[in-house]
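Everything below concerns the one structure shown next.
One is the number of the first residue; the rest follow in order along the sequence.
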Amino acid sequence: MNTIIQPTIAALPPLPPPPSSSFPQNPFSLSNPKPSLRPSLSLSLSPPSSSNPKLKPQLLLNFTALPPSQSLPTEKPLLPLTPPNGSDQTHFFFHHLLNLLRLSARHGDHELARAVHASILKLEEDNHLGNALISAYLKLGLVPDAYRVFQSLSCPNVVSFTTLVSGFSKAGREDEAVDLFFGMRNSGFGIDGFTVSTLLTACTGSSAFREGKLVHAHAIKIGLEANLSVTNALIRFYAACGSVNGVKSLFERMPVKDVITWTEMVTAYMEVGLVDLAIEMFDNMPERNPVSYNALLAGFCRNGEGLRALDLFTKMLEEDMEMTDFTFTSVVNACGLVMDCKTSEQIHGFLIKFGFGSNACIEAALLDMCTRCGRMADAKKMFLRWPAEQDRSVILTSIIGGYARNGELDEAISLFNLNQSEGRMDMDEVSSTSLLGLCGTIGFHELGKQIHCHAFKRGFLTDVGVGNATISMYIKCWNMEDGVKLFNMMPTHDIVSWNGLLAGYLLHRQGDEALAFWSKMERTGIKPDKITFVLIISAYRHTNSNLVDNCRSLFLSMNTVYGIEPTSEHFASFIAVLGYWGLLDEAEEIICKMPFEPEVSVWRALLDSCRLRMNTTVGKRVVKRILAMEPKDPSSYILVSNLYSASGRWHCSEMVRDKMRKKGFRKHPGQSWIIHNKKIHPFYARDKSHPQAKDIYSGLEILILECLKAGYVPDTSFVLQEVEEHQKKDFLYYHSAKLAATYGLLTSKPGKPVRIVKNILLCGDCHTFLKYMSIVTGRAIYARDSSGVHYFSSGQCSCKDYW
């Protein structure tokens, strides 16, 4: 997330005319002193304090003219006691002012830089000195001061422009950097490769793709396209544009390539999700350095390839490769992706053993890793021993999110409320985004609205990331209407904004609305990315009519029309659409003809379709395929185990679960919850831990009787335990979703809808029960499970009984 620092002035003033024009004699100074003034300089370095010898040196300046007889201070002088005379003296003086500016930047000393500036104001203008002052101010983060110095230069040169362009870019003010470049070009200044590469970096950072292409065109015009630094920057730029073909074409045309070029290509392919091409590029590199390895490592993490990242880390250790904080942070993130407790403990121990655990950034990443690997006890210990003097907002956001992910919802909300009330939680854009995501995940609409109001008051809604998170929160909290309103009110959108609203339509199973929104995206000229196509293809599952032919045409046109190579995710989405509309044989044939080896997710999409269509013939073949692939996630094993259980093959089901246990996979138990009086009320199957359990069970028994009268018939095939038939009904009646819905009915006002959330799919029997419950109570019931939102009303569900 780039935060743009607004300039202190309303807009950039007109740029100075070309060097040939006439200029004021001395706009470099605030007033025009006599040009003949040649002040002497007295400068000394005070010795460090005996109490603290590590203190940085204090520079004492005296810019008053000294009479010839006056002696210099007795401390060790920074300048010789007898400076040269005449022009040599001026050159000598300028040289030491430059040294002082370098010292001010190195030590972060604002006062010293301004003191040197004060001295420079008394001199005749010198571009070299002016450029050094601009550079020092930029390094100190004083961007407005640097710009004022630039404005005061009567004849800024290429270095002046390039220095400021680079400074604007690094300060997150990419738009001003781009404007300055084109002003430089229009003013007739020559442009070199460094300026162009700096500008392309700025265009990449600000997503100024049109301007970046203009810079590219200008580079070709002045013969800089073959410049190595320019072509490397162009690869980075076109990768950010999502133009894989453009990146590939540039790389192939380059006459000379260095290690940076190859590394940029690895990063570019990783950015667009072409992991295999990135690996191939890495393997073909004539030479590699630690940055190359880090690029591949970070790319694996960006694309969810945690296991590959860990394998690469092992290889780096074997080759005794130099490692940085960035390396270790990526490895810790990879452990979080894999979510394997044992692996995370090994990496954690390795970092502590070699002394990297004390690094604040790595320790924050370790805490987040622990929350993702189910090690909440360890995460809590790290949180409690976090130094009081260090900022806690990042780790606080991590541990709150961790509690939510691990089903400890009460802990998450309690910790948030405690730190918010005590003023220990600094709600910035990052924490607001994370907490809005948490509210969406647990369906806490009221708290989400409070954070939205806080973000609005603090002006955070101008940040696209916060806006996107707010939209997602409302959509996940069953409020699609407010999500759409917020999208329309946002001043700017990025592709995440458009994808977020598309995902919302899918969550609410509004396929036709999603396709209408896709048409709007195309009319607006929004360039889709690979996630957009995953969503659009999936939308064809939720349309009112069978539009498989349209979906097939879109899928086949991805590469030819939109330049996006289909990945396993796209194939999985397309297979799910074919399976939903009953085309299982075609789906299986497409998988067998895929241009690359299908991942487990593709076969799982077909297996899920077999479940929906109750096709055991195809299902048996798919199960064999999945088990032969040794899936790396527990959900595939659980799906296969449940299929065996549903068909009465208890022995096979137990074998699959035993295999899971040996691999260290664990199944999160099914849980449903409801929000009441600003508190989360969680339920498990046959759970009696709630303080009002007696009332809930009594109410549920009455509901069951009423539903049975209305025609509800319990479906014991959804009891996946090997027990007697009469026991199956007892198991079935007290599933977590039924308990949560009953509690919602008891605690909400008459006529108000009941809203529940379940962390896994609703079972078929609970789905049927909630339909009958909506009849006998006359209430609307919203249930959000892992497939999306179910809206029950008058005995019907919005999912049309396919989920």
Checklist entry - Heavy-atom count around D320 CG within 6.0 Å, excluding the residue itself: above 12? => result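 Open.
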Set of residues satisfying salt bridge (Lys or Arg N to Asp or Glu O under 4.0 Å) with respect to [X], sequence neighbours excluded:
X: E599; result: none
X: K593; result: E589
X: R372; result: D368
X: D276; result: R308

Contacts of [X] that satisfy side chain to side chain contact (heavy atoms under 4.5 Å, CB included) - sequence neighbours left out:
X: K381; result: D378, R385
X: D311; result: none
X: C766; result: H735, A737, K738, L762, C763
X: D608; result: R611

Consider only side-chain N and O atoms of [X] and [Y], and report whether a donor and an acceptor are under 3.5 Å apart.
X: N559; Y: E565; value: yes
X: S292; Y: T263; value: yes
X: T324; Y: T327; value: yes
X: H570; Y: S573; value: no

If the condition is side chain to side chain donor-acceptor pair (under 3.5 Å), which residues does [X] pass it with, not counting sequence neighbours?
X: S736; answer: S672, K758
X: Y269; answer: none
X: S787; answer: R509, D785
X: E345; answer: none

Next on the checklist: For the OG1 atom of T267 and the CG atom of N294, what is their distance to the nearest 0.5 Å?
Outcome noted: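 T267 OG1 to N294 CG: 10.0 Å, rounded to 0.5 Å.
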Checklist entry - Pick from I537, I591, I590: which one makes a side-chain contact (heavy atoms from CB on, under 4.5 Å) with F571? => result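 In the set I537, I591, I590, the residue that makes a side-chain contact (heavy atoms from CB on, under 4.5 Å) with F571 is I590.
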Next on the checklist: For H681 and W673, I'd like to know if the aromatic rings sit close, meaning centre-to-centre distance below 6.0 Å.
Outcome noted: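 Not close enough - the centres of the two rings lie 6.0 Å or further apart.
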Checklist entry - Do the two ring centres, one from F251 and one from W262, sit under 6.0 Å apart? => result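 Between W262 and F251, which both carry aromatic rings, the centre distance is below 6.0 Å.
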Item to check | Expected output: side-chain R784 to main-chain I756 donor-acceptor under 3.5 Å | outcome: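 Pair absent, no side-chain N/O of R784 close to backbone of I756.
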